[in-house]
S.K.: 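Supplied in structure tokens, the structure appears directly below.
Side chains included, hydrogens not; waters and symmetry mates left out as well; all remaining heavy atoms used. Since this is a predicted model, take the numbers as computed values, not measurements.
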2 protein chains.
Amino acid sequence: MKTFNIPVEAALEVIGGKWKVVILCHLIDHGTLRTSELKKRMPNITQKMLTQQLRELESDGVLERIVYNQVPPKVEYKLTDYGTSLAPALQMLCSWGEQHIEKAVSEGEDVMVLSGAEE
Amino acid sequence: MKTFNIPVEAALEVIGGKWKVVILCHLIDHGTLRTSELKKRMPNITQKMLTQQLRELESDGVLERIVYNQVPPKVEYKLTDYGTSLAPALQMLCSWGEQHIEKAVSEGEDVMVLSGAEE
DNA sequence: CAGAATCCAGGATGATACTG
DNA sequence: CAGTATCATCCTGGATTCTG
């Protein structure tokens, strides 16, 4: 029997990984992404972590893995309908992050967003 | 220079700790809570982790620590205005968690919410 | 290109005892 | 009651190498 002390713990079990929210945000922003495109947008993640986090998200039913049987391999990831139900919450988190950065900048901190991965 | 690859990373820096979202949700639900009340609602957190996470949230400006100079000591925590700006996003996460639990239950998983800490 | 399989260090987290 | 200090531990996450 799995127990939670407060419902939000159940959400954290799904999005609690170090990179999961970031992955989900990228998928929210771009719809469908190949493995290499995700990696390009997350320069600091390792191959292993990327795969691992994607697998966990997949087995939690929030994203879907689409494998094309071809050479070289092509694999795409996209949110499931269920995963899409997370989008509103995550988008609010994103905009809060933006505000948080602006606040930091206005307070004289040295912060910046690279986000040069837009093609 | 601190850099982010995507703005949501800035949000994760603030709420990324293992217990931070849970702490914040309790404060959203109850307004102001004493240390011991927080602990009662988080049976699995240790004294050390609780203090540590609270200190980090405080130094990020999302919650405020109110110390009463008396014996025995009394310390209360509440969200700052800035922390309150996080509430909408976190509340969506909470309700998503509730839905996630319901989904799990309806799929025959053994899950339950204890939340017996309501007095 | 996508990812599996190792090995491994480090920080994050826990348990316990102590203080004012 | 609230918090600190210390020590032990786990396991996340990173570097690397290998495969189809």
S.K.: Roughly what angle, to 10°, lies between the helix axis at the start of the helix from C:dC1-D:dG20 to C:dG20-D:dC1 and the one at its end, five pairs per end?
M.R.: 50°

S.K.: Tell me: CG of B:L38 to P of D:dC1, nearest whole Å?
M.R.: 14 Å

S.K.: Quick one: does B:H26's side chain get under 4.5 Å of B:L38's, heavy atoms only?
M.R.: yes

S.K.: If you count every heavy atom of other residues, nucleotides or ligands that lies below 6.0 Å from A:K78 atom NZ, does the total exceed 12?
M.R.: no

S.K.: Side chains of B:I23 and B:L54: closer than 4.5 Å at any heavy-atom pair?
M.R.: yes

S.K.: Taking only residues two or more places apart in sequence, or in another chain, which ones meet B:W96 in a ring pair (Phe, Tyr, Trp, His ring centres under 6.0 Å)?
M.R.: A:Y82, B:H100

S.K.: Can a donor-acceptor pair be found, under 3.5 Å and without considering hydrogens, that links the side chain of B:T3 to the backbone of A:L114?
M.R.: no

S.K.: Tell me which donor-acceptor pairs under 3.5 Å the side chains of residues 11-19 of chain B have, and how far apart each pair is, sequence neighbours excluded?
M.R.:
none

S.K.: Salt-bridge test for B:E37 and B:R41: reply yes if a basic N is under 4.0 Å from a carboxylate O, no otherwise.
M.R.: no

S.K.: Would you call A:V22 and B:E9 a side-chain contact if the rule is heavy atoms closer than 4.5 Å?
M.R.: yes

S.K.: In whole angstrom, give the distance that lies between atom NZ of A:K39 and atom P of D:dG13.
M.R.: 17 Å

S.K.: On DNA chain D, nearest-nucleotide positions of A:W19 versus B:Y77: which is more 5'?
M.R.: B:Y77

S.K.: By ring pair (Phe, Tyr, Trp, His ring centres under 6.0 Å), which residues pair with A:Y68, not counting sequence neighbours?
M.R.: none

S.K.: Just checking B:Y68: base, sugar-phosphate only, or nothing, at a heavy-atom cut-off of under 4.0 Å?
M.R.: nothing

S.K.: Within a strict 4.5 Å, meaning less than it, do heavy atoms of the A:D29 and B:I6 side chains meet?
M.R.: yes

S.K.: Under 4.0 Å from any heavy atom of chain B: name the first and the last nucleotide of DNA chain C that qualifies, 5' to 3'.
M.R.: C:dT13 to C:dG20

S.K.: In residues 44-62 of chain B, what residues come within less than 4.0 Å of DNA chain D, judged by heavy atoms?
M.R.: B:Q47, B:K48, B:T51, B:R55

